[in-house]
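Working notes, structure below.
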Amino acid sequence: GNNHMKEENYGAAVDCYTRAIELDPNNAVYYCNRAAAQSKLNNYSEAIKDCERAIAIDPKYSKAYGRMGLALTSVNKYEEAVTSYQKALDLDPENDSYKSNLKIAEQKLRDMSSPTGTGLSFDMASLINNPAFISMAESLMQNPQVQQLMSGMMSNAIGGPAAGVGGLSDLSSLIHAGQQFAQQIQQQNPELIEQLRNHVRSRSFSGSTEEHS
């Protein structure tokens, strides 16, 4: 199984670790190694189950907590991932991998809890092409206050440099309107916000610090 992992034959590694578990079902290492192979195959739920089995056998097995943290992070369960990494660090305080992965999970958790934490970093093309966003934008543009704001900005633009002060004022108003728009989306279409957050997470999260068997 370990040789297959080195050769990136993850399916074969899973088969080998499964056979090892059948021969020695109380060996926590085999479950933990199979979890690593399952994660490589994007089978994160299976990886989490294997880590839980390893921990049940050996509650002080730090690597099982670390690997479970990686799998939990991959399925956006950041609060649980933070708990797993903290437990791994309690058992192995000098492990730099656990420290860095804990910071990643904590940042993801902060982003998820902030209404606009990740909303400014998404792919604009994906947003513009989203029917739900288009519907929300059309609704916003029918708002008299927004229409007045846009009209004032156009007037200032036509007025040239002399309208500079007014332009700055409208820029501030536009930022405020944008914040209100974001809050409106959050309230009326939280599913869209979650889609955007998931898009950002999939682009930004990297499991490059994962340990090898």
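Note that the numbering runs from 1 along the sequence shown for the chain. Scope of the values below: all heavy atoms of this structure, side chains included, with no hydrogens, waters or symmetry mates.
Taking all atoms of both residues into account, the shortest heavy-atom contact from Ala64 to Cys51 is O-SG, 3.5 Å. Between Leu109 and Glu79, the closest heavy-atom pair is CD1-N, 4.0 Å. The two residues Asn26 and Ile57 have their closest heavy-atom pair at O-CG2, 3.2 Å. Annotation for Leu91 and Ser62: closest pair CB-CB, 3.8 Å, computed over non-hydrogen atoms. Contact detail for Tyr61 and Ala54: the closest heavy-atom pair is CD2-CB, 4.3 Å. Considering every non-hydrogen atom in both Leu102 and Gln86, the closest pair reads CD1-CG, 4.0 Å.
Using a 4.5 Å heavy-atom threshold, the side chains of Asn101 and Thr73 count as separate. Residues His4 and Cys16 meet the side-chain proximity criterion, which asks for heavy atoms closer than 4.5 Å. Within the 4.5 Å cutoff, side-chain heavy atoms of Asp96 are placed close to those of Lys99.
A search for salt bridge (charged side-chain N to carboxylate O under 4.0 Å, His left out) contacts involving Lys49 returns Glu46, not counting sequence neighbours. The side-chain hydrogen bond (donor to acceptor under 3.5 Å, both in side chains) check on Asn42 picks up Tyr44, with sequence neighbours excluded.
Counting only N and O atoms by type, the side chains of Arg34 and Thr18 include a donor and acceptor under 3.5 Å apart.
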Subject >> Asn33/Tyr31 under side chain to side chain donor-acceptor pair (under 3.5 Å): CA gap, chis, key distance, verdict >> reply: CA-CA 5 Å; Asn33 285 357; Tyr31 285 106; over 6 Å; no
**OP:** List the steps, then state whether salt bridge (Lys or Arg N to Asp or Glu O under 4.0 Å) holds for Asp111 with Lys108.
**Re:** CA-CA 5 Å; Asp111 290 344; Lys108 297 291 185 182; 5.6 Å; no
Subject >> Chi angles and distances behind the side-chain contact (heavy atoms from CB on, under 4.5 Å) call for Tyr65, Thr83 >> reply: CA-CA 9 Å; Tyr65 290 102; Thr83 300; over 6 Å; no
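Note on Leu41 and Ile21: separate hydrophobic clusters, where clusters join Ile, Leu, Val, Met, Phe, Trp and Tyr whose side-chain heavy atoms are under 4.5 Å apart, directly or indirectly. One hydrophobic cluster, built from ILVMFWY side chains closer than 4.5 Å, cannot hold both Ile48 and Leu70; they sit in different ones. Transitive grouping of hydrophobic side chains (ILVMFWY, heavy atoms separated by less than 4.5 Å) keeps Ile104 and Leu72 in distinct clusters.
In the displayed structure, Lys103 atom NZ is contacted under 6.0 Å by at most 12 heavy atoms of other residues, nucleotides or ligands.
Side-chain N or O atoms of Tyr17 include one that pairs as donor or acceptor with a backbone N or O of Asn2 at under 3.5 Å.
Between Asp50 and Arg53 there is a salt bridge, since a side-chain N of the basic residue sits under 4.0 Å from a carboxylate O of the acidic one. Remark: Arg19 engages Glu22 in a salt bridge, criterion side-chain N to carboxylate O under 4.0 Å.
The CD atom of Glu8 sits 7.0 Å away from the NZ atom of Lys40 when rounded to the nearest 0.5 Å. From Ser84, atom OG reaches atom OH of Tyr78 across 14.0 Å, with rounding to the nearest 0.5 Å. Distance check, rounded to the nearest 0.5 Å: OH of Tyr85 to CG of Asn95 gives 10.5 Å.
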